Each structure stands twice: as structure tokens, then as C-alpha cells.
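Please read these numbers as outputs of a predicted model, since none were measured by experiment. Residues: numbered from 1 along the sequence shown.
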Amino acid sequence: MAILEIIHVPDPRLSEKCRPMRPEEINDELRLFLRDMAETMYAAPGVGLAAPQVGDTRRFLVADPGSQDEGSSGRRGVDLITMINPEIVQASKDLYKAEEGCLSVPELWENFERPRWVEVRWLDEHGQPRQRRFEDFAGVVIMHEMDHLEGVTILDRVSRFKRSRYLRARKKARQRGG
Ligand SMILES: [Zn+2]
């Protein structure tokens with residue numbers, strides 16, 4: 001197992017639309033990489049991590065929406081979800097508002113509205129089709145990670161003013177070596 005490097009905005013790989021995985025790419029090498037991604041996500045700590053965040057612009061992600069819940073320590077990995085080529089089958093019209101942060105957009109927290117639930121279809125790490133409905137916070141996590149596969153981060157969803165202010169502050173922090 002290895003902890004991977006998480007890349008940050010404005011790295012161009014985070015703005016790329018990821019390409020679908022081909023069936024022959026769902027192999028042991030990918031499964032090892034997914035395990036490293038999960039390890040990286042838990043260590044961060046975070047509740048989701050998409051491939052572009054570790055520099056791979058193909059369509060896969062890991063998520064464990066319950067892993068940061070109070071009293072969940074020790075449950076780590078139990079609810080790990082691995083998605084390859086995920087697609088939204090249906091989304092609720094009803095909206096749900098939640099605060100989102102991102103491991104690739106350090107120190108930015110914003111409230112966004114998203115569908116209250118989404119029905120998602122994907123392939124698991126063995127290439128088996130799966131389908132499930134994710135609601136409330138779990139839905140937010142899955143939709144947030146799926147946005148990454150489209151090259152969209154929460155920084156793309158805030159106002160232009162906030163975005164440029166954020167990028168300026170990060171640049172300054174990097175120059176200071178922070
Ligand atoms: Zn993110």
C-alpha cells in the first residue's frame with residue numbers, strides 16, 4: 001500500500017474531462033491503484049477521492065461517505081465504494097444543501113445545492129455492474145467525486161471573485177513555502 005500525492009488546483013489535470021475505462025483496464029494493476037487511492041483518502045482524511053486528484057485522468061473513484069462520522073473509527077473500509085465509469089441514471093428534483101470541501105482545493109468550504117438523491121450505475125473493481133441510490137450527504141459525496149471526472153471542482157462552482165481571490169491567496173502561500 002502506498003499513499004499517493006494529491007494534486008491541487010490550478011493543476012490542469014483537475015480541469016480535464018476524464019476518459020472512460022476500457023474493460024481490459026480493469027485488472028490487478030488497477031485494483032492495486034484503487035487500494036492505494038482508498039488508503040490515501042483515509043489518510044488525508046477524506047470521504048472521497050477521484051482519479052484526477054492523484055493525476056490519472058480516467059473515469060474511476062473511491063468513496064466512503066460514512067468514514068468521517070462520529071464513532072466510525074474501526075469501521076474504516078467497511079463501506080468503501082469503488083466506482084469505474086459511473087453514470088447518473090436518475091436524480092431527484094428535490095434539492096439538498098451541504099457544505100463541501102475538497103482535498104484538491106485546500107481550505108475552501110462552500111455551501112452548494114445538489115439533488116437530494118441520485119441513482120448511480122457503475123462497474124466495480126471486478127468489472128461487475130452495480131446500481132444504487134445515494135441520498136443526502138452520501139449523494140453529495142458521490143456527485144462531488146463524479147464532478148471531478150468531468151474536470152469540475154468546487155472552485156469552478158464559486159463566483160469568479162471568490163475563485164480569483166482564492167487562487168491569489170494560494171499562490172502567496174506557496175511562495176511563502178506553505
Ligand atoms: Zn474534490
Side-chain angles (χ1 to χ4, degrees), residues 4 6-21 26 30 33-34 37-38 40-42 44-69 72 75-125 128-160 162-163 166:
L4 306 167
I6 297 175
I7 62 175
H8 295 164
V9 289
D11 190 304
R13 287 171 290 181
L14 290 165
S15 304
E16 233 179 89
K17 185 175 162 79
C18 297
R19 74 149 173 90
M21 291 289 284
I26 305 173
L30 176 73
F33 191 67
L34 286 163
M37 278 177 68
T40 304
M41 172 185 79
Y42 290 125
V47 289
L49 193 66
Q53 296 182 273
V54 287
D56 192 319
T57 52
R58 295 180 295 171
R59 299 181 86 81
F60 56 88
L61 60 89
V62 296
D64 190 346
S67 65
Q68 301 302 314
D69 291 353
S72 74
R75 258 186 351 105
R76 170 176 289 201
V78 172
D79 300 319
L80 178 65
I81 299 156
T82 297
M83 291 183 171
I84 299 165
N85 297 345
E87 281 171 54
I88 292 177
V89 178
Q90 211 188 336
S92 71
K93 288 192 182 72
D94 191 18
L95 298 176
Y96 177 78
K97 195 173 188 175
E99 192 176 56
E100 295 181 39
C102 179
L103 296 173
S104 294
V105 191
E107 288 162 44
L108 184 75
W109 292 91
E110 271 298 310
N111 280 297
F112 298 108
E113 272 188 338
R114 294 183 184 269
R116 180 169 290 279
W117 58 258
V118 274
E119 181 90 22
V120 182
R121 181 168 61 198
W122 72 95
L123 297 176
D124 69 14
E125 68 273 27
Q128 295 304 306
R130 299 283 188 103
Q131 189 165 328
R132 192 169 136 187
R133 179 176 291 203
F134 296 91
E135 280 184 37
D136 300 338
F137 182 67
V140 169
V141 171
I142 299 301
M143 285 182 263
H144 174 116
E145 298 312 324
M146 286 181 70
D147 278 353
H148 278 297
L149 305 183
E150 300 302 323
V152 173
T153 72
I154 55 172
L155 194 60
D156 298 305
R157 304 187 72 207
V158 301
S159 69
R160 183 182 292 203
K162 263 192 184 163
R163 182 160 56 242
Y166 174 85

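Rounded to the nearest 0.5 Å, atoms CG (Asp147) and CZ (Phe112) are 9.5 Å apart. With values rounded to the nearest 0.5 angstrom, Ile142 atom CD1 is found 14.5 Å from Arg133 atom CZ. Distance CH2/Trp109 to CD/Glu100: 9.5 Å, rounded to 0.5 Å. Annotation: the span from Asp56 atom CG to Leu61 atom CG amounts to 12.0 Å, rounded to 0.5 Å. Interatomic distance, Leu123 CG to Asn85 CG, rounded to the nearest 0.5 Å: 5.5 Å.
Between Cys102 and His148, some side-chain heavy-atom pair lies under the 4.5 Å cut-off. By the 4.5 Å heavy-atom criterion applied to side chains, Val141 and Phe134 are not counted as neighbours. In this structure, Met146 and Val118 have side chains that are not in contact, with every pair of non-hydrogen atoms separated by 4.5 Å or more. The shortest distance between side-chain heavy atoms of Ile81 and Arg130 does not fall below 4.5 Å. Using a 4.5 Å heavy-atom cutoff, the side chains of Thr153 and Ser104 are not in contact. When side chains are defined from C-beta on, Asp79 counts as touching Asp64, because their heavy atoms get closer than 4.5 Å.
Not a single donor-acceptor pair under 3.5 Å links the side chain of Arg13 to the backbone N or O of Pro52. In terms of modelled atom types and a separation under 3.5 Å, the side chain of Glu145 and the main chain of Ala50 share a donor-acceptor contact.
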(message) Run the side-chain contact (heavy atoms from CB on, under 4.5 Å) test on Ile84 and Leu30 for me, step by step, so that the C-alpha distance in whole Å, both residues' side-chain angles and the decisive distance to 0.1 Å come before the verdict.
(response) CA-CA 10 Å; Ile84 299 165; Leu30 176 73; 3.6 Å; yes
(message) Pair Glu150, Arg59 - check side-chain contact (heavy atoms from CB on, under 4.5 Å), show working.
(response) CA-CA 9 Å; Glu150 300 302 323; Arg59 299 181 86 81; 2.3 Å; yes
Show every donor-acceptor pair shorter than 3.5 Å between a side-chain atom in residues 88-95 and any protein atom, with sequence neighbours excluded, or say none if there are none.
unit_1	atom_1	unit_2	atom_2	d
Ser92	OG	Asp94	O	2.9
Ser92	OG	Arg116	N	2.9
Ser92	OG	Trp117	N	3.1
Asp94	OD2	Arg116	NE	3.1

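Here the shortest heavy-atom pairing between Gln53 and Gly48 reads OE1-O, 4.3 Å. For the residue pair Val9 and Leu155, the shortest heavy atom distance occurs at CG2-CD2, 3.8 Å. Of all heavy-atom pairs between Gly46 and Leu103, the closest is CA-CD1, 4.3 Å. The minimum heavy-atom distance between Ala98 and Val140, with the atom names listed, is CB-CG2, 4.0 Å. Contact between Leu49 and Val54 at its shortest, heavy atoms only, is CD2-CG1, 4.0 Å. The two residues Ala38 and Leu80 come nearest to each other via the heavy atoms CB-CD2, 3.8 Å.
Under a 4.0 Å N-O distance rule, the pair Arg58/Glu16 does not qualify as a salt bridge. Salt bridge Lys97/Glu113: absent, no basic N to carboxylate O contact under 4.0 Å.
Heavy-atom contacts from other residues, nucleotides or ligands closer than 6.0 Å to CD of Gln131 number more than 12.
Paired with Glu110 under the rule salt bridge (charged side-chain N to carboxylate O under 4.0 Å, His left out), one option of Arg157, Lys162, Arg163 passes, and it is Lys162.
Using a 30° and 60° split on the angle between ring planes, Phe60 and Phe33 fall in the perpendicular class, above 60°.
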